[in-house]
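These notes concern the structure reproduced below.
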Amino acid sequence: PEPMDLVEEIRELINKNKRQFIYSRVFPKVEVEQGQAWILSDRKWNELMLEQIISNGIKYSKTEGVAKNLYFHIKQHNNYVELTIKDEGIGIPEYDLKKIFEPFFTGENGRKGYSSSGIGLYFCKEVANCLGHKLELTSTEGVGTQVRITYLAKL
């Protein structure tokens, strides 16, 4: 792991995905309690994990004619940093929530015309576990999904 500023990482990922945000009429909102939030992680694997979560947030929030937001909330604690990514999408049915981190599980939403392989969230959970991060997901059908990643800030 190496130290990196999570705020800067999020801003770079938003910029990297700006066309997808604009095309889908999903707008990023970054909420940071402090100017910087230093975490310990692997830059490449963390970026891949966050890109998957951002992509899901955009894909499942996209609706015709209605603009939505994708919120990034970064909160600094003593020994850790908490990143919450919250969308205003279709949400995940309660009966699918217990299986979302299983490989190849697509759930009801994945079978409704959203292109889904069932690998994305499984990949994110595996990467988070390998990097020593805690990944949690909550969702309410028709309201949206919230992903929380807890990073170490100090050893």
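Using a 3.5 Å distance cut-off with no hydrogens or angles, the side chains of D87 and Y71 do not pair a donor with an acceptor. At a cut-off of 3.5 Å, with distance as the only test, a side-chain donor of S41 or H133 sits close to an acceptor on the other residue.
Residue W45 qualifies as open at atom CH2: its count of foreign heavy atoms under 6.0 Å is 12 or below. Few gaps surround NZ on K125; more than 12 heavy atoms of other groups in view lie less than 6.0 Å from it.
Looking at heavy atoms from C-beta onward, I92 lies out of side-chain contact with Y60 at the 4.5 angstrom threshold. Within the 4.5 Å cutoff, side-chain heavy atoms of I14 are placed close to those of F21. Counting only heavy atoms from C-beta outward, the side chains of K16 and E47 approach each other to under 4.5 Å. The shortest distance between side-chain heavy atoms of R25 and K62 does not fall below 4.5 Å. Looking only at side-chain heavy atoms (C-beta outward), V7 and R11 come within less than 4.5 Å of each other.
Salt-bridge formation is not detected for the pair K75/E82: no Lys NZ or Arg NE/NH1/NH2 atom is positioned less than 4.0 Å from an Asp or Glu carboxylate oxygen.
At least one donor-acceptor pair closer than 3.5 Å links the side chain of T63 to the backbone N or O of V66. At distances below 3.5 Å, at least one donor-acceptor pair connects side-chain atoms of S117 with backbone N or O atoms of I119. Of the possible donor and acceptor atoms, one in the side chain of N17 sits under 3.5 Å from a partner among the backbone N and O of L13. Looking at S55, its side chain never comes within 3.5 Å of a backbone N or O of E51 through a donor-acceptor pair.
Closest heavy-atom contact between V26 and S61: CG2-CB, 3.9 Å. When all heavy atoms of L135 and A128 are compared, the closest pair comes out as CB-CB, 3.9 Å. Counting all heavy atoms, side chain and backbone alike, D96 lies closest to I100 at O-CG2, 3.3 Å. Here the closest non-hydrogen pair linking K99 and F105 is O-CD2, 3.4 Å. In terms of heavy atoms, Y151 sits closest to M49 at OH-CE, 4.0 Å. Closest approach of A37 to I74, counting heavy atoms only: CB-CG2, 3.5 Å.
Atom CD of E136 sits about 8.5 Å away from atom CZ of F101, to the nearest 0.5 Å. Atom CG of L152 sits about 12.0 Å away from atom NZ of K134, to the nearest 0.5 Å. Once rounded to the nearest 0.5 Å, the distance linking OG1 of T145 with CG of N56 reads 8.5 Å. In this structure, CG on L97 lies 8.5 Å from OG1 on T140, to the nearest 0.5 angstrom. Here CG of L137 is found 8.5 Å from CD of Q146. Values are rounded to the nearest 0.5 Å. Between the OH atom in Y122 and the CD atom in E102 there is a gap of 10.5 Å [rounded to 0.5 Å].
The side chain to side chain contact (heavy atoms under 4.5 Å, CB included) check on K18 picks up N15, with sequence neighbours excluded. With sequence neighbours left out, E94 forms a salt bridge (charged side-chain N to carboxylate O under 4.0 Å, His left out) with no residue at all. In this structure, the ring-ring contact (aromatic ring centres under 6.0 Å, His included) partners of H77, at least two apart in sequence or on a different chain, are Y80.
No continuous path of hydrophobic side-chain contacts links V81 to W38 [ILVMFWY only; heavy atoms under 4.5 Å]. Taken together through direct or relayed side-chain contacts under 4.5 Å among Ile, Leu, Val, Met, Phe, Trp and Tyr, I85 and F27 form parts of separate hydrophobic clusters.
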Any chance you could lay out the side chain to side chain contact (heavy atoms under 4.5 Å, CB included) test for R148 and L83, step after step, and finish with the verdict? CA-CA 6 Å; R148 181 179 299 113; L83 167 64; over 6 Å; no
